[in-house]
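Take a look at the structure below.
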Protein chains: 2
Amino acid sequence: MANSHISEQASTALSDKSLCCPLSDTARKIADTFQNLVMVRGFNAVSYGDLAKELGIRTASIHYHFPTKAELGATVLTRYRDNTMNAWQDIDAGDPESNTPEIYKKAYESFMAPIRPVRDMQGVSCLFGVLGATYETLCPNIQGILASFFVEQEVWLARVFKGGRDAGVFHFPGTATSFAKLYTSALQGAMLIKKSTGKPEHFDAVIEQLEGMLFGVGRT
Amino acid sequence: MANSHISEQASTALSDKSLCCPLSDTARKIADTFQNLVMVRGFNAVSYGDLAKELGIRTASIHYHFPTKAELGATVLTRYRDNTMNAWQDIDAGDPESNTPEIYKKAYESFMAPIRPVRDMQGVSCLFGVLGATYETLCPNIQGILASFFVEQEVWLARVFKGGRDAGVFHFPGTATSFAKLYTSALQGAMLIKKSTGKPEHFDAVIEQLEGMLFGVGRT
DNA sequence: GCTTGACTACCTATTAGTAGGTAGATATAG
DNA sequence: CTATATCTACCTACTAATAGGTAGTCAAGC
């Protein structure tokens, strides 16, 4: 109710086709609601009571689907990671020699596709960013998913950047790895500051700066 | 006890000479401990009980100094903001015409001085970044301090960047404001990812990328 | 008739916060 | 100089609310 607009906004990212054992209808609703609330408030400020109120069921019913909060968190995080990684184009498809410049631009766009809409979601930032802020309070299982996501994201992005620079479509100083670190950091920070200041323009300006470099326009 | 190493690490940033009515010895210890714990765990995961255990006093004694958690938070945040802003060199000092190129480099370094040591503080990131992640759960008072800090930081940094580029010591594409947005975002994100992955190298790489641009080395 | 998915009713621990008291320092008035 | 009052900084003991979680019940549907 209070946050139903967010459910709609982020619904596209909530399919669970990637999970080993797919969630039931109710379990998926619980996971969706939990994810949306966590992206706004953080893990520790979302309780089973909040979820129960939002969904119109009892907390015990939520425990039936997700015995512990840690399991609920791990489910949501795994699903989010898998969906995100599935969305990335596989730039290794086919012979590396046959990789056209366009494939790198397409890979980059598939990376940015789920990020751009966050611009207009009030109070929302990246799920992984929010959890990272309170990393030390999370259970080891969730910490592991979190840390590996950041690493995998950076590795994948560095590969795209490297291939794209070799193909002449991307431009940046230094190594592809350190430029990927800059990229992921800047995007995380931009979402965080946009959320705290309520200014979507901040988000625009950061992406413009990054893409200005990457596409090699406006360099002094 | 558990986090005493952090108290030592961050102690330099905890002077309270800027507060209108200075804190008593005990109040300052409470504020210091609270700040250190929040920078690691976030606002919602630090309780009066945690503070009491850490300090060896009762929770009621903490309530004596800080009646509510919101007041404690506001005190710590105000002090942090004032100390940070006081650390920034005033680039408007003297005649604007007499501003040498060095003054901008010095201003930039005074900005970076408190940020660089975070590299080696395990599990720690910027106090404002951590709070920003759970912005919606904070009381309006604290939200206001938070949002204004991000804005003021960006405005100040943009002024330094603009002056420095005009003076020929800084280089960057686009407006000084949007480059300042990139800079603050990248630093926030770098601290967050460093914290979640436990890799200080990530922090190094991001700063190297940013300063490579700013100082105009290694451009492609 | 067993599985599913919800329920009521509880439990224990922790949360922020309050009430009221006390030891010791300091100030003040007779 | 002493009796009284006030203040500081802590204490014990409590509260109401919320936290995550458990045990056992019950109805519907394949």
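Per chain, numbering begins at 1; letters A, B, ... match sequence-line order.
Because its NZ or CZ atom is not both nearer than 6.0 Å to the ring centre of B:Phe150 and within 45° of the ring axis, A:Lys199 does not count as a cation-pi partner of that residue.
Remark: A:Glu208 CD is loosely packed, at most 12 non-hydrogen atoms of other residues, nucleotides or ligands lying under 6.0 Å away.
Note on B:Ser47: only backbone sugar-phosphate atoms sit closer than 4.0 angstrom, heavy atoms only; bases stay farther off. Residue B:Tyr64 is classed as a base contact, given a heavy-atom separation below 4.0 Å to a base.
Of the candidates D:dC10, C:dT18, C:dA9, D:dC10 carries the atom nearest the B:Ser61 side chain, counting heavy atoms from C-beta on. Nearest to the side-chain atoms of B:Thr68 among the listed nucleotides D:dT12, D:dA23, C:dG17 stands C:dG17. When each of D:dG21, C:dG17, D:dT12 is scored by its nearest atom to the side-chain atoms of A:Thr59, the top-ranked nucleotide is D:dG21. Among the nucleotides C:dG5, D:dT12, C:dA16, the one closest to any side-chain atom of B:Tyr48 is C:dA16. Relative to the side chain of B:Thr26, the nucleotides D:dA9, C:dA6, D:dC11 differ in distance, and D:dA9 lies closest.
In this structure, A:Arg58 places its CZ atom 19 Å from P of D:dG21, rounding to the nearest Å. Going from atom CZ of A:Phe66 over to atom C1' of C:dA6 covers 15 Å, rounded to whole Å. With rounding to whole Å, A:Leu51 atom CG is found 12 Å from D:dG21 atom P. Summarising the geometry, the separation between CZ on A:Arg28 and P on C:dG5 is reported as 12 Å, rounded to the nearest angstrom. A:His63 places its NE2 atom 20 Å from the P atom of D:dT25, with the value rounded to the nearest Å. For A:Asn44 and C:dT15, the CG to P distance is 11 Å, given to the nearest whole Å. To the nearest angstrom, P of D:dT22 lies 14 Å from CD1 of A:Ile62. Spacing between atom CG of A:Leu72 and atom P of D:dA19 amounts to 14 Å, rounded to whole angstrom units.
Where A:Ile57 and B:Gly49 each meet DNA chain C at their nearest nucleotide, the meeting point lying more 5' is that of A:Ile57.
Under the 3.5 Å distance criterion, the side-chain polar atoms of B:Lys195 are matched with a main-chain donor or acceptor of A:Ala133.
B:Trp88 and B:Phe111 have tilted rings, their planes meeting at an angle from 30° to 60° on a 0 to 90° scale.
Remark: B:His65 is in phosphate contact with D:dC10, judged by side-chain N or O atoms under 4.0 Å from OP1 or OP2.
Note: A:Tyr183 and A:Phe161 meet the aromatic proximity criterion, with ring centroids under 6.0 Å apart.
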